[in-house]
Participant: 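Below are the structure tokens for one structure; questions will follow.
Letters A, B, ... mirror the listed sequences (proteins, then strands); counts begin at 1. Nothing here was measured: the structure is a model prediction, and the numbers come from that model. The figures here come from the full heavy-atom set of this structure, side chains too, leaving out hydrogens, waters and symmetry mates.
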Amino acid sequence: MGEVRLRFAPSPTGYLHLGGARTALYNWLWARSQGGKFVVRVEDTDQERSTAESTRVVLESMHWLGLDWDEGPEYRADDGRTLGGGDCGPYYQMERLGIYAQYAERLIRAGQAYRCYATKEEIAAEREAHQASGSKAGFRFESPWRDKHGEPDRPHVVRMKAPREGKTGWLDRVRGRIDVPNETLQDVILLRSDGVPLYNFGVVVDDLTMGITLVARGDDHIVNTPIQILLYEALGEAAPEYAHLSMILGPDGQKLSKRHAAVGVLDYREHGYLPDGVVNYLARLGWSHGDQEIFTRGELIEKFSWDHVGKTGARYDAKKFLHVQGQHLRMLPNADIAMHSKPFLEGKGVQVDANDVRLVDAIEHVKTRACTLDEIANDVEYFFKEITEYEAKGRRKFLTPERAPYLEKLSQLVDGVASFEAGALEAAVLAWLEADGLAMKDVAQPARVALTGRTRSPGLYDVMVLLGKDEVLKRLKDGADVARTPVEDAVSGADAGAPGA
RNA sequence: GGCCCCAUCGUCUAGCGGUCAGGACACCGGCCUCUCACGCCGGUAACACGGGUUCAAGUCCCGUUGGGGUCACCA
């Protein structure tokens, strides 16, 4: 017996944020490492806030991250592959209402739950009275219907009959023993008056009927766990194991939100992050494996374990995230990077075939200074696009009248070099510098600005080879022309001249 | 306020009674160098506080303080 079954149960009320993604990831990792199953269930019982659009975004996010589910809602990916389905469906809670009704009835018959006819107004009145009394204890609604029956057809909710003595606890996979006094528990509502289950009941019925063996979720659910365990007991069923994960915090230690960073998983896709990098960063945020920082997906599956999941809330660190991205980017073959950066190039108006050797070669030279696909596209842009604007600082500092002759001389050398390749170009330039008593830096920066429009780029000779002789000659000439033209707008000073303008 | 959770460099963390408290990001130097990176070398930087237990405590226990979660016909 004992197939390990994990689940991720998002409520489709927004996008999938980093915290949710990490929860999903840990569940997925454990399922994969144990050869178990990973199931996704959509908790859409909040009809006010749940949307189909949100469901789609959440599933798309998970698919992008590579967190494929064995059972769950159906999802057709771009590649035509279909995820989802399974024997424990439906996987949308709103399609399982009949099941909840059945289980509620079972609890009522067993005397573990009861129909409560108290109205919202009555409850609100009690709450106010409680607050007015100045009592220090938290408010707990004591239903008058706990031990009496009413007419089943009158509007009512179904409440759990929680024990008033003793304690309920469990051995948490990340936090160890947790016990809670039962007298602090409420007779929580299981089914609303419209028959839709509330969180605690839906979760228990679904986890039970879906055969979930370990529930890993955010630690804001610690408070719900005793209630759920009690529900399993009331049903005479065994509760799953639990693992409660701490939250992801913003840099200021507060709950992570939009004002700290992009929090939607898909935002990172848009910014050119790689799924493996996101997965690595998220995995490592709150979990560790000795001194190792960079993990492939396979290593994560192999090495993940609950005993090394931390108990502290982890702060989001954008710089470290970027660093991890960069590491993963550099692990990729150039051809793959080329393929993945295609959309980002297009976004910049650059049309180039992903198999173009010039693109692949260019990537080889820029990838040490890029962390994301978007940065790759940016760093490679000027190889495929005419320079329409020089970086202001570079233009002002290096494209000056006194540098113009250098650019022209360099142009002649390039034109005259026997074979147009890095070694020969370097030899020619070095000989010239030697003869004229010039330093490399006198020439290199003006040339760089002329060739790339920027002050930072790969090595000069590499840039030239990538550009090709004709283009180099053209850009050098344009650069020299611009250099002879004084910077026009001294007031704004920020505008750089365009070549030939 | 009740209940619950948490506490090592600025940040993520290693540590599971005996360590010069280690690594990574960030930061600061240096090397490399045509710029920016990458890479390499080096540096600054932490056990919240107070009591115990023990020959020995970052590690175990208690308390304090400080964070956080939760107290819905939301999830």
Participant: Using Watson-Crick or G-U wobble geometry with both distances under 3.5 Å, which nucleotide pairs with B:C16?
Facilitator: none
Participant: Between A:His308 and B:G15, is there a contact of a side-chain N or O with OP1 or OP2 at under 4.0 Å?
Facilitator: yes
Participant: Got a donor-acceptor pair under 3.5 Å from the side chain of A:Gln292 to the base of B:G23?
Facilitator: no
Participant: Rounding to an integer number of angstrom, what distance separates B:A45 and B:A24 when you compare their C1' atoms?
Facilitator: 14 Å
Participant: Quickly work out the A:Ile229 CD1 to B:C4 C1' distance and round it to whole Å.
Facilitator: 13 Å
Participant: On a whole-Å scale, what distance lies between the C1' atoms belonging to B:U8 and B:G66?
Facilitator: 16 Å
Participant: Please state how far atom CG in A:Leu285 lies from atom C1' in B:G23, giving the value in whole angstrom units.
Facilitator: 16 Å
Participant: In the strands shown, is B:G2 matched to any nucleotide by a Watson-Crick or G-U wobble pair with both distances under 3.5 Å, and which?
Facilitator: B:U70
Participant: My understanding is that a pair needs two contacts under 3.5 Å, Watson-Crick or G-U wobble. By that rule, which nucleotide pairs with B:C25?
Facilitator: B:G10
Participant: Could you work out the separation of B:C40 and B:C5 based on their C1' atoms and round it to a whole Å?
Facilitator: 44 Å
Participant: Could you tell me the Watson-Crick or G-U partner of B:C60, where both distances fall under 3.5 Å? Say none if there is no partner.
Facilitator: B:G52
Participant: May I have the distance from A:Leu282 (atom CG) to B:U11 (atom P), rounded to whole angstrom?
Facilitator: 20 Å
Participant: For nucleotides 34-39 of chain B, read 5' to 3', which letter fits each nucleotide if B means a protein heavy atom sits under 4.0 Å from the base, S means only the sugar-phosphate is that close, and - means neither?
Facilitator: BBBBS-
Participant: Please identify which of these residues, A:Arg146, A:Arg140, A:Lys161, meets the side chain to side chain donor-acceptor pair (under 3.5 Å) condition with A:Asp187.
Facilitator: A:Arg146
Participant: Rounded to whole angstrom units, what separation is found between the CZ atom of A:Arg217 and the P atom of B:C5?
Facilitator: 15 Å
Participant: A:Glu293 has a side chain; which of B:C25, B:C3, B:G23 sits nearest to it?
Facilitator: B:G23
Participant: Hey, are A:Asp207 and A:Arg7 close enough for a salt bridge, meaning a charged N less than 4.0 Å from a carboxylate O?
Facilitator: yes
Participant: Is any side-chain heavy atom of A:Val158 closer than 4.5 Å to a side-chain heavy atom of A:Ile108?
Facilitator: yes
Participant: Has A:Ser288 got a side-chain N or O lying under 4.0 Å from the OP1 or OP2 atom of B:A14?
Facilitator: yes
Participant: Taking atom C1' in both B:A7 and B:C49, what distance in whole Å separates the two?
Facilitator: 12 Å
Participant: Who pairs with A:Trp287 by ring pair (Phe, Tyr, Trp, His ring centres under 6.0 Å), at least two apart in sequence or on another chain?
Facilitator: A:Phe295, A:Phe304
Participant: Assess the side chains of A:Gln93 and A:Asp206: does a donor N or O sit below 3.5 Å from an acceptor N or O?
Facilitator: yes
Participant: Is there a Watson-Crick or G-U wobble partner for B:C36 with both distances under 3.5 Å, and which nucleotide is it?
Facilitator: none
Participant: Can you tell me the distance, in whole Å, between the CG atom of A:Leu185 and the P atom of B:C4?
Facilitator: 11 Å
Participant: Using atom C1' in both nucleotides, what's the gap between B:A57 and B:C47 to the nearest angstrom?
Facilitator: 11 Å
Participant: Measure CG/A:Leu256 against C1'/B:U11 and give the value in whole Å, please.
Facilitator: 14 Å
Participant: Per the atom types in the model, does the base of B:A26 pair as donor or acceptor with the side chain of A:Lys319 at under 3.5 Å?
Facilitator: no
Participant: If the threshold is 4.0 Å, N to carboxylate O, is there a salt bridge linking A:Arg173 and A:Asp307?
Facilitator: no
Participant: Under a 4.0 Å N-O cut-off, is there an ion pair linking A:Arg297 with A:Glu299?
Facilitator: no
Participant: Considering only the P atoms, how many Å lie between B:U19 and B:A56, rounded to the nearest integer?
Facilitator: 14 Å
Participant: Which whole-number value in Å describes the distance from A:Lys311 NZ to B:C4 P?
Facilitator: 17 Å
Participant: Within the structure shown, what part of the strands sits under 4.0 Å from A:Arg175 by heavy-atom distance: base, sugar-phosphate, or nothing?
Facilitator: sugar-phosphate
Participant: Would you kindly give the NE2-to-C1' distance between A:His244 and B:C4, to the nearest whole Å?
Facilitator: 11 Å
Participant: Between B:A21 and B:A48, how far is it from one P atom to the other, in whole Å?
Facilitator: 15 Å
Participant: Nucleotide by nucleotide, 5' to 3', does protein get under 4.0 Å of the base (B), only the sugar-phosphate (S), or neither (-) in nucleotides 59-75 of chain B, counting heavy atoms?
Facilitator: ---------SSSSSBBB
Participant: Say you pick atom P in B:U70 and the same atom in B:A75; how far apart are they, in whole Å?
Facilitator: 14 Å
Participant: Is a salt bridge present between A:Arg49 and A:Glu43, judged by a nitrogen-to-oxygen distance below 4.0 Å?
Facilitator: no
Participant: Between A:Lys397 and A:Glu391, is there a salt bridge with N-O shorter than 4.0 Å?
Facilitator: no
Participant: If I take atom CG from residue A:Leu190 and atom CZ from residue A:Arg115, how far apart are they, to the nearest 0.5 angstrom?
Facilitator: 12.0 Å
Participant: Does the distance from a Lys or Arg side-chain N to an Asp or Glu carboxylate O, for A:Lys320 and A:Glu293, drop under 4.0 Å?
Facilitator: yes
